[in-house]
There are 2 protein chains.
Amino acid sequence: MPDPQEKKPSRIQLRNRALILEAALDVFSVHGFRGATLDQIAEAAGLSKPNILYYFAGKEEIHVTLLNQLMETWLDPLVEMDANGDPLPELLAYVQRKLDMARDMPRESRLFAGEIITGAPHMLPHLKADLKPLFDEKCAVIQGWMDAGKLAPVDPRHLIFSIWSTTQHYADFAVQVGVLMQSDDAAPGADAYLHALFSNLLTPKT
Amino acid sequence: MPDPQEKKPSRIQLRNRALILEAALDVFSVHGFRGATLDQIAEAAGLSKPNILYYFAGKEEIHVTLLNQLMETWLDPLVEMDANGDPLPELLAYVQRKLDMARDMPRESRLFAGEIITGAPHMLPHLKADLKPLFDEKCAVIQGWMDAGKLAPVDPRHLIFSIWSTTQHYADFAVQVGVLMQSDDAAPGADAYLHALFSNLLTPKT
DNA sequence: TCACTTTTTGACCAATTGGTAAATACACGA
DNA sequence: TCGTGTATTTACCAATTGGTCAAAAAGTGA
């Protein structure tokens, strides 16, 4: 058994663990945890099932590893929103970062969505311990901006929900978007539209 | 075997089919098609597994029945948007109807989301055949309103996407919303926020 | 009440699934 | 080149899963 805690993982270990996680992301993001099978992951990774279980203790550990990996970057765009920056540009830049993230990591977005839809059995503790404080902090920052008259006053919580939902939509509902946009690429239009949506809402009315 | 096509279904048939669909909606909406089991559905319905298969030919038929049932009402709010109505109120009323729907039918919303995330294996034909034409038609209506100067000009397609995503978010991500709103009920605030969001965007700048 | 239909159940199956164990093949430093 | 730990595979298991079937039970109308 490889023990990632002690000893350096070998080149093969590094490569195969990455291979497995990549394949598992493909499978879990589409079928969810219960709907995915080790055989699917094995085939997608080009490894045998027992070989996969040589690198991970079980299906659940693969899933948890992916979620932990995701949690490290998922909140970055929000973390980067700077209380000392220019309010409106700061918020619009946050929207843009979330949109870029949905574009660059659609599988991760769907993995997250699936986890939440199923009741967040693995991530609920994380949501309460990490997301909630960050959410409250950033809501307070936004509220401060609004109190200072730098932004039009709206409920910061629903503002953030709407930023999450509108941006992630392009990843989570990509199939539907694809059908409706036909050959058109949704990407450029979404940028401009969301910019207009949120700057119209937040630009203070003098 | 009951044959719903011919003969009136008995009182027992009506009751048990409804019982099964209700239970299946609970289970499918949380675990998705592949992740749900007949045993779970049977237990939730309070019936034995073979008894369930007496009313439905198989797991898939239950799922398809639910999706078909959903498709009948899912697009209603958009259908009701009247080209002859007052543009801005008409659109805001659509937002409200979608929001009400997310509140009244959160399981159906999650069932739909799960189906799309997994690549819409069952609903893709429906999306292309029914949703696409409706979408195009309503986009044209909105575009007409904008051309007439009744609404601020934005891409109608992304406008509709944002209406869908913001409203459905309260159903699909209810767990997350619950954690972040704490004891607060999200409902009243969401109404006001989304009203402000879309009326600010769409009110024409004279 | 009785015959007949509908509904329900218990026992069962074959396929799939997550996982194991032992044997084998491989990589790599001495 | 050889020996030793690493990687991989082959052959399995036990549990779960979707589904079947015939018999029993419960309705139902005359």
Side-chain angles (χ1 to χ4, degrees), chain A residues 1-28 30-67 114 118 121-122, chain B residues 1-28 30-67 114 118 121-122:
Chain A
M1 324 151 191
D3 197 339
Q5 254 83 9
E6 12 169 326
K7 308 282 178 185
K8 303 275 165 182
S10 76
R11 227 162 289 120
I12 296 179
Q13 264 174 50
L14 240 40
R15 176 178 53 91
N16 282 355
R17 281 184 68 98
L19 226 53
I20 292 167
L21 290 174
E22 174 71 15
L25 180 56
D26 270 344
V27 177
F28 281 135
V30 169
H31 295 106
F33 178 71
R34 293 220 43 198
T37 72
L38 282 178
D39 294 286
Q40 284 178 296
I41 296 173
E43 197 196 330
L47 300 173
S48 69
K49 183 167 65 175
N51 202 6
I52 283 190
L53 292 167
Y54 173 73
Y55 291 101
F56 290 90
K59 182 182 174 183
E60 183 133 11
E61 194 183 287
I62 304 178
H63 193 242
V64 166
T65 302
L66 281 176
L67 288 180
T118 66
H122 294 115
Chain B
M1 319 146 196
D3 196 340
Q5 253 83 7
E6 12 168 327
K7 308 281 177 186
K8 303 278 165 183
S10 76
R11 225 161 290 119
I12 297 178
Q13 265 175 50
L14 241 41
R15 176 178 52 91
N16 282 355
R17 282 183 68 97
L19 225 54
I20 292 167
L21 289 174
E22 172 72 16
L25 180 57
D26 270 344
V27 176
F28 281 135
V30 170
H31 294 106
F33 177 71
R34 292 220 44 198
T37 70
L38 281 178
D39 294 287
Q40 285 178 295
I41 297 173
E43 198 196 330
L47 299 173
S48 69
K49 183 167 62 173
N51 202 6
I52 283 189
L53 292 168
Y54 172 74
Y55 290 102
F56 289 90
K59 183 183 173 183
E60 183 132 12
E61 194 183 288
I62 304 177
H63 193 241
V64 166
T65 302
L66 280 175
L67 288 180
T118 66
H122 294 115

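Protein chains get the first letters and strands the later ones, always in sequence-line order, with residue 1 at the start of each.
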Response to the item:
Among the nucleotides D/dA7, C/dT8, C/dT17, whichever has the atom closest to the side chain of B/Arg34 is C/dT17
Discussion item. If you define the side chain from C-beta out and look only at heavy atoms, does anything of B/Ile62 sit under 4.5 Å from B/Leu38?
Written reply: yes
Worksheet entry | Heavy-atom check, side chain of A/Phe28 versus side chain of A/Gln40, under 4.5 Å | no
Response to the item:
Checking C/dC28, D/dG19, D/dA7 against the side chain of B/Leu38 (C-beta onward), the nearest is D/dG19
Worksheet item: How long is the span from the CZ atom in A/Arg17 to the OH atom in A/Tyr54, to the nearest 0.5 Å?
Response: 11.5 Å
Discussion item. Could you tell me how far apart A/Leu53 (CG) and D/dT10 (P) are, to the nearest whole angstrom?
Written reply: 15 Å
Discussion item. What is the separation between atom CG on B/Asn16 and atom P on D/dG27, rounded to the nearest whole Å?
Written reply: 11 Å
Practice prompt. Specify the closest pair of heavy atoms between A/Gly58 and A/Leu53, including all atoms of both residues, with the distance to one decimal.
Written response: CA-CD2, 3.8 Å
Worksheet item: Starting at NE2 of A/His63 and ending at P of C/dG19, how long is that distance when rounded to a whole Å?
Response: 13 Å
Practice prompt. Strictly below 4.0 Å, heavy-atom distances to any atom of DNA chain C: list the hits from residues 42-52 of chain A, or just say none.
Written response: A/Lys49, A/Pro50
Fill in: B/Asp39, nearest nucleotide to its side chain (from D/dT17, C/dT6, D/dA7)
D/dT17
Worksheet entry | 4.5 Å side-chain heavy-atom contact, A/Asp39 and A/Glu43 | no
Worksheet item: Between A/Arg11 and B/Glu60, which is nearer to the 5' end of DNA chain D once each is assigned its nearest nucleotide?
Response: A/Arg11
Item to complete: Nearest whole angstrom, please: distance from the P of C/dT24 to the OH of A/Tyr54.
Response: 18 Å
Practice prompt. Mind calculating the distance between OH (B/Tyr55) and C1' (C/dT9) to the nearest angstrom?
Written response: 12 Å
